[in-house]
Amino acid sequence: MRLYVFGAGSHGRELAWLAREIHGPSLEVVFLVDDERYVTDPVHGDPVRLLTDDIEPRGQYVVALGDAVLRRQAASACERAGLTAATLVHPRVERSERVDIGPGSVIAAGSVLTTDITIGRHVHVNIGCTISHDAVLGDFATLAPGVKLAGNVSIGSGAFLGIGASVIDGRTGDPLVIGADAVVAAGACVTGPVAPRTLVAGVPAVQKR
């Protein structure tokens, strides 16, 4: 089996490891980039190629870019090239059968997902995150390592939660909402709704811009 990983940087190396934890050491990994400037020698023995090079028809890919805007662009480019989004869930993830994970999403080692959780397309849940009941994560959202989401929380498309951020419970039928493309700073504690395209920080988190 071959997996194309868009992005040959540090996150790409992590996703290559994660994929081999799932599929075994024989998995063939090919890193993809979209500019000749980023073509390098093999990374940990895996080749780095331009997306415009010959690629396997209907091959599978994941995007190893932390920025949601760039991840959207890369996913669109991979789809135009005829690739299909893979979903990677590390074997050491604990989750119930009532967790729905969209194509292209990545759930890293040590994360715990309880029940009635919906995760959209190309979401990145990094190492050691916890997501409690009745949570929704929109497409291209990102949870940095150690993020903790309590129950009844809705994360908007493209939102980014920094390392160690936490979000308290919403209410049944009235979730605590973090808006699309919002940024929650590392270590922040979110105790109320966050407007789209704003930055919040602190304990409790307050809007900074």
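- The main-chain N or O of Cys189 is never found under 3.5 Å from a side-chain atom of Ser166 such that the two would form a donor-acceptor pair.
- Under a 4.0 Å N-O distance rule, the pair Asp46/Arg20 qualifies as a salt bridge.
- Within the 4.5 Å cutoff, the side chain of Asp134 has no heavy atoms near those of the Val153 side chain.
- Counting side-chain heavy-atom gaps under 4.5 Å among Ile, Leu, Val, Met, Phe, Trp and Tyr, Phe140 is found in no cluster with other residues.
- Heavy atoms of other residues, nucleotides or ligands lying less than 6.0 angstrom from CZ of Arg95 number 12 at most.
- Rounding to the nearest 0.5 Å places CG of Leu18 at 5.5 Å from NE2 of His90.
- Other residues, nucleotides and ligands place no more than 12 heavy atoms under 6.0 Å from the CD1 atom of Ile127.
- The distance from the OG1 atom of Thr87 to the CZ atom of Arg121 is 10.5 Å, given to the nearest 0.5 Å.
- A distance-only check finds a donor-acceptor pair linking the side chain of Asp53 to the backbone of Leu50 [under 3.5 Å].
- The two atoms that bring Ser111 and Gly128 nearest to each other are OG-N, 3.7 Å, heavy atoms only.
- The nearest pair of heavy atoms linking Val43 to Ala8 is CG2-O, 4.1 Å.
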Evaluate Leu149 against Leu137 for side-chain contact (heavy atoms from CB on, under 4.5 Å), listing each step before the verdict.
CA-CA 10 Å; Leu149 302 184; Leu137 278 67; 3.9 Å; yes
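- Environment of CZ in Arg2: crowded, with over 12 heavy atoms of neighbouring residues, nucleotides or ligands closer than 6.0 Å.
- Proximity of His11 to His124: side-chain heavy atoms (C-beta onward) are separated by under 4.5 Å at one or more points.
- Proximity of a side-chain donor or acceptor of Ser157 to a complementary backbone N or O of Asp139 within less than 3.5 Å is detected.
- The shortest side-chain heavy-atom distance between Ile178 and Val184 falls under the 4.5 Å cut-off.
- Side chains of Val48 and Pro42 form no contact here, defined as non-hydrogen atoms less than 4.5 Å apart.
- Taking 4.5 Å as the limit, every side-chain heavy atom of Leu15 sits out of range of all side-chain heavy atoms of Leu3.
- Under the 3.5 Å distance criterion, the side-chain polar atoms of Ser154 are left unmatched by any main-chain donor or acceptor of Pro175.
- Evaluated for a side-chain contact (heavy atoms from CB on, under 4.5 Å) with Val125, the options Ile101, Leu143, Val93 yield exactly one hit, Leu143.
- Nearest heavy-atom pair, Val29 versus Ala16, reported as atom, atom and distance to 0.1 Å: CG1-CB, 4.1 Å.
- To the nearest 0.5 Å, the span separating CD1 on Ile155 from OG1 on Thr118 amounts to 13.0 Å.
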How far apart are the C-alpha atoms of Leu88 and Ile22, what are their side-chain angles, what is the distance that settles it, and do they pass the side-chain contact (heavy atoms from CB on, under 4.5 Å) test?
CA-CA 8 Å; Leu88 301 181; Ile22 298 168; 3.9 Å; yes
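- In this structure, Ser105 contributes its side chain and His122 its backbone to a donor-acceptor pair below 3.5 Å.
- Taking 4.5 Å as the limit, some side-chain heavy atom of Val147 sits within range of a side-chain heavy atom of Cys129.
- In terms of heavy atoms, Ala144 sits closest to Gly162 at CB-C, 3.5 Å.
- Considering every non-hydrogen atom in both Ala64 and Gly7, the closest pair reads CB-O, 4.1 Å.
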Apply side-chain contact (heavy atoms from CB on, under 4.5 Å) to His44 and Phe31, showing your working.
CA-CA 11 Å; His44 292 176; Phe31 292 107; over 6 Å; no
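- Across all their heavy atoms, Ser132 and Gly151 have their closest contact at CB-N, 3.6 Å.
- Remark: the Ser76 side chain and the Arg71 side chain contain no N/O donor-acceptor pair separated by less than 3.5 Å.
- Taking 4.5 Å as the limit, some side-chain heavy atom of Leu176 sits within range of a side-chain heavy atom of Val167.
- Cluster note: Leu51 groups with Tyr4, Phe6, Val30, Leu32, Ile55, Tyr61, Val63, Leu65, Leu70, Leu83 through ILVMFWY side-chain heavy atoms spaced under 4.5 Å, whether in direct contact or through intervening members.
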